[in-house]
2 protein chains.
Amino acid sequence: MERWTALNQSPADRRQCPVREVLDHLGDKWTALIVLTLSHGACRFSALQRTIPDISKRMLTQSLRNLERDGLLFRRVYPTKPPAVDYRLTPLGESFLGQLQALAIWAEDSHPTIRAARAQFDAANGEV
Amino acid sequence: MERWTALNQSPADRRQCPVREVLDHLGDKWTALIVLTLSHGACRFSALQRTIPDISKRMLTQSLRNLERDGLLFRRVYPTKPPAVDYRLTPLGESFLGQLQALAIWAEDSHPTIRAARAQFDAANGEV
DNA sequence: CAGGATCCGTACTGATACTG
DNA sequence: CAGTATCAGTACGGATCCTG
C-alpha cells in the first residue's frame with residue numbers, strides 16, 4: 001500500500017499532498033485542542049477561550065477560520081444585540097475527531113515506553 | 001471516553017500530556033516523512049537525504065535524534081573507514097507508522113471534501 | 001461578545017563552512 | 001560519509017488596541 005508516496009515528491013508538488021496538509025494542520029498546535037473541545041458539542045468563542053486557557057484571541061480566531069475553511073466546523077452567528085457565535089463540528093470534523101482520538105489512545109498507550117526510551121537515551125548521551 | 005481531558009489542563013501541566021507530545025512531534029514537519037520513508041526498511045543518512053529532497057542536513061540530524069530519543073528508531077553505526085550509519089524503525093516506531101498510515105488514508109479520502117469546502121469558503125469570503 | 005489590525009520578540013529553519 | 005557549529009532570515013505566536 002503506497003498511497004503516501006506522493007509525500008516525497010519534489011518540493012513544488014509537496015503542497016499538493018493531502019497528507020502534508022493534514023500534518024501541517026496538526027502542527028498548528030491549537031487545531032487539535034479545538035477539535036477535541038468541540039467533541040462535546042457546539043461551543044461559543046468565549047467558552048472555547050475559557051476551555052483552552054493559554055490560547056490568545058488571535059490564535060483562536062485564526063485556527064477557527066482555518067478549520068471552518070477546510071469544512072471541519074460550522075460557524076453560526078446569532079444576530080443578537082451583542083453578537084453571539086458558536087462553532088460545531090461538521091461530519092467531516094467528526095471523522096477527523098475520530099482520527100485524533102485514535103492518535104490520542106496510541107499516545108497514551110505508548111507514553112510509558114516513550115518516557116522510558118527517553119530516560120535511557122538521556123542517561124546514555126547526557127553525561128559526557 | 002475521556003482519556004484526553006488532560007489536554008486542557010493548565011499550561012504547566014500541558015507538557016505532561018502524552019497527546020500533546022505526539023502532536024508536537026507531528027508538527028515537526030519532518031518526522032512524519034522520515035518515519036514513512038523508513039517504512040520500507042533500514043536506510044542510511046545520505047539515502048534519507050536523497051529521498052526527502054528538501055530537508056537540510058541540520059533538520060534531518062535533529063529529527064533523527066528526536067526520534068531516536070523517543071525510541072521510535074534505532075541508529076546503527078558501522079565502524080568502517082568512512083563511517084556508515086543506518087536507521088530503522090523500532091517496534092514502537094512501526095506502531096507509530098501504523099497511526100501515520102491511518103492518518104494518511106483519512107487525509108487522502110477526505111482531500112476532495114476539504115478542497116471543495118475550501119473553494120466554497122474562498123468564493124464566499126474572498127470577494128469583498 | 002466576537003474578532004480585526006498592528007507591533008514586536010522568539011523560535012524555528014536553512015545555508016554555509018568545518019570536523020572525524 | 002555523517003555529522004557539528006555558527007549565522008542570518010523568516011514566520012509564528014502573543015500582547016495590546018480598536019471596531020461593530
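Fair warning: this is a prediction, and the values are worked out from it, not measured in the lab.
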- Item | Inter- and intrachain pairs under salt bridge (Lys or Arg N to Asp or Glu O under 4.0 Å), touching residues 79-103 of chain A, at least two apart | R76(A)-D86(A)
- Contact state string [nucleotides 5-20 of chain D, B base, S sugar-phosphate only, - no protein heavy atom under 4.0 Å]: -B------BBB----B
- Could you tell me which residues satisfy side chain to side chain contact (heavy atoms under 4.5 Å, CB included) with A102(B), sequence neighbours excluded, listed by chain and number? Q99(A)
- Message: Tell me every residue that passes side chain to side chain contact (heavy atoms under 4.5 Å, CB included) with R65(A), counting only those two or more places apart in sequence or in another chain.
- Response: T61(A), E68(A), F121(B), N125(B)
- Query: Checking R20(B) side chain against K29(A) main chain: does a donor-acceptor pair fall under 3.5 Å?
  - Reply: yes
- Query: So, S110(A) side chain and T113(A) main chain: donor-acceptor pair closer than 3.5 Å or not?
  - Reply: no
- Between OH of Y78(B) and C1' of dG3(D) the distance, given in whole Å, is 17 Å
- Which of these passes side chain to side chain contact (heavy atoms under 4.5 Å, CB included) with L38(B): L48(B), T51(B), L72(B), L97(B)? L48(B)
- Task: List for me each residue that meets side chain to side chain donor-acceptor pair (under 3.5 Å) alongside S95(A), sequence neighbours excluded, and say none if there are none.
- Result: W106(B)
- Students should find that the nucleotides of DNA chain C closing off the region near chain B, any atom under 4.0 angstrom from a heavy atom, are dT13(C) to dG20(C)
- Query: Hey, which of D70(A), T31(A), N66(A) is the one that makes side chain to side chain donor-acceptor pair (under 3.5 Å) with H25(A)?
  - Reply: D70(A)
